[in-house]
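See structure below.
So that the names make sense, note that chain A is the first sequence line, chain B the second, and so on, each numbered from 1. Since we're looking at a predicted model, the values are computed, not measured.
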Amino acid sequence: GQQLNQSPQSMFIQEGEDVSMNCTSSSIFNTWLWYKQDPGEGPVLLIALYKAGELTSNGRLTAQFGITRKDSFLNISASIPSDVGIYFCAGGMNRDDKIIFGKGTRLHILP
Amino acid sequence: EPEVTQTPSHQVTQMGQEVILRCVPISNHLYFYWYRQILGQKVEFLVSFYNNEISEKSEIFDDQFSVERPDGSNFTLKIRSTKLEDSAMYFCASRVRLAVDNEQFFGPGTRLTVL
């Protein structure tokens with residue numbers, strides 16, 4: 001089945017640092033989504049990408065849809081304590097389809 | 001801002017018992033989903049539902065699972081005879097059918113514990 005490989009699995013950074021994480025797949029996706037999940041809560045949509053090569057920003061977050069349609073990255077600039085959580089990439093094949101989640105990147109921010 | 005709501009937030013049940021998890025999707029959304037997340041693992045698709053019927057289901061969604069939209073607002077997931085391995089967070093999600101996107105909005109989840 002379709003699988004998304006997300007890396008790194010976890011990150012420890014200092015407050016104020018920039019963060020980069022990515023997601024790759026052996027399959028082509030038509031949609032890439034990035035979600036953040038806080039403990040005990042549901043995933044919250046951060047950024048949605050629909051075209052190969054598309055670069056989209058949401059505040060301090062920037063994400064890109066890879067040209068090959070098999071990868072995506074998420075950057076967070078100038079990290080702050082509330083950025084702590086698990087970031088999931090998710091891919092969709094069709095507009096109506098289910099989305100497939102990666103295993104997540106757990107972000108820790110050191111004081 | 002409208003949001004997906006789910007009840008209960010936590011359900012504890014004995015193995016073999018039936019459970020019903022409830023969701024109220026965002027009011028103008030027409031596509032509904034259930035996902036589950038076993039502790040510490042990724043979110044997995046269970047089923048999608050549109051126009052009062054299942055659109056797609058995963059191999060996890062076997063005969064023990066069913067979904068229903070009993071009225072204009074609720075969307076339920078029933079597990080007929082729970083197993084220990086059904087213990088997980090269950091998330092409901094919804095999206096606007098007519099939009100050209102695939103932005104699914106998730107509820108806060110129901111934590112199901114099967115003893």
Side-chain angles (χ1 to χ4, degrees), chain A residues 1-10 21 23-25 27-52 54 56 58 61 63 65 69 72 85-106, chain B residues 1-7 9-10 21 23-26 29-51 53-61 88-111:
Chain A
Q2 296 165 313
Q3 288 204 15
L4 298 183
N5 302 307
Q6 197 170 344
S7 64
Q9 207 170 10
S10 66
M21 59 191 78
C23 206
T24 61
S25 172
S27 305
I28 289 173
F29 286 99
N30 292 329
T31 304
W32 283 94
L33 305 162
W34 285 91
Y35 286 86
K36 178 175 183 270
Q37 185 179 32
D38 291 329
E41 299 186 14
V44 174
L45 182 64
L46 300 174
I47 291 182
L49 302 156
Y50 300 103
K51 291 183 186 177
E54 180 182 359
T56 296
N58 178 8
L61 277 60
F65 192 142
R69 294 197 285 154
S72 177
I86 304 177
Y87 292 80
F88 289 99
C89 63
M93 282 299 298
N94 301 308
R95 299 297 190 199
D96 302 342
D97 209 358
K98 64 182 182 290
I99 52 178
I100 307 294
F101 280 79
K103 292 187 177 180
T105 293
R106 186 180 291 273
Chain B
E1 188 172 320
E3 55 185 22
V4 177
T5 59
Q6 290 184 243
T7 55
S9 56
H10 192 184
L21 310 182
C23 168
V24 178
I26 296 173
H29 286 193
L30 299 177
Y31 252 89
F32 313 115
Y33 305 82
W34 284 100
Y35 291 79
R36 78 169 187 191
Q37 184 180 34
I38 294 171
L39 186 63
Q41 298 188 23
K42 66 179 181 179
V43 178
E44 300 175 289
F45 169 77
L46 291 178
V47 65
S48 59
F49 189 86
Y50 170 69
N51 201 25
E53 60 183 22
I54 290 174
S55 304
E56 185 176 0
K57 56 185 180 179
S58 71
E59 60 273 12
I60 302 169
F61 194 89
M89 284 288 288
Y90 287 81
F91 294 107
C92 173
S94 70
R95 63 178 280 258
V96 176
R97 170 65 178 91
L98 297 179
V100 294
D101 56 47
N102 196 358
E103 296 177 13
Q104 296 181 23
F105 294 88
F106 284 72
T110 293
R111 180 177 298 282

Could you check Tyr90(B), Tyr35(B), Trp34(B) and say which one makes a ring-ring contact (aromatic ring centres under 6.0 Å, His included) with Phe106(B)?
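Answer to the ring-ring contact (aromatic ring centres under 6.0 Å, His included) test with Phe106(B) among Tyr90(B), Tyr35(B), Trp34(B): Tyr35(B).
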Holding to ring-ring contact (aromatic ring centres under 6.0 Å, His included), I want the full list of residues that pass it with Tyr87(A), two or more places apart in sequence or in another chain.
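ring-ring contact (aromatic ring centres under 6.0 Å, His included) list for Tyr87(A), sorted by chain: empty.
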With sequence neighbours excluded, tell me which residues meet side chain to side chain donor-acceptor pair (under 3.5 Å) with Tyr35(A).
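Partners of Tyr35(A) by the side chain to side chain donor-acceptor pair (under 3.5 Å) criterion come out as none, since no residue qualifies.
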Aromatic ring pairing Trp32(A)/Phe29(A), orientation class (parallel under 30°, perpendicular over 60°, tilted between):
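Ring orientation, 0 to 90° scale: perpendicular.
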Below 4.5 Å, heavy-atom pairs only: which of Pro43(A), Gly104(A), Gly102(A), Gly40(A) has the largest tally toward chain B?
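Option with the greatest count: Pro43(A).
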Mind ranking Gly42(A), Ala48(A), Gly92(A) by heavy-atom pairs under 4.5 Å with chain B and telling me who comes out on top?
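So the answer, after comparing Gly42(A), Ala48(A), Gly92(A), is Gly42(A).
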Side chain / backbone / both / neither for Gln37(B) at chain A, heavy atoms under 4.5 Å
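Contact with chain A involves the side chain of Gln37(B) alone.
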What part of Leu45(A) gets closer than 4.5 Å to chain B, counting heavy atoms only: side chain, backbone, both or neither?
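The answer is the side chain of Leu45(A).
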In terms of heavy-atom proximity below 4.5 Å to chain B, should Gln37(A) be classed as side chain, backbone, both, or neither?
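The side chain, not the backbone.
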Taking it one step at a time, do Arg36(B) and Glu44(B) satisfy salt bridge (charged side-chain N to carboxylate O under 4.0 Å, His left out)?
CA-CA 5 Å; Arg36(B) 78 169 187 191; Glu44(B) 300 175 289; 3.3 Å; yes
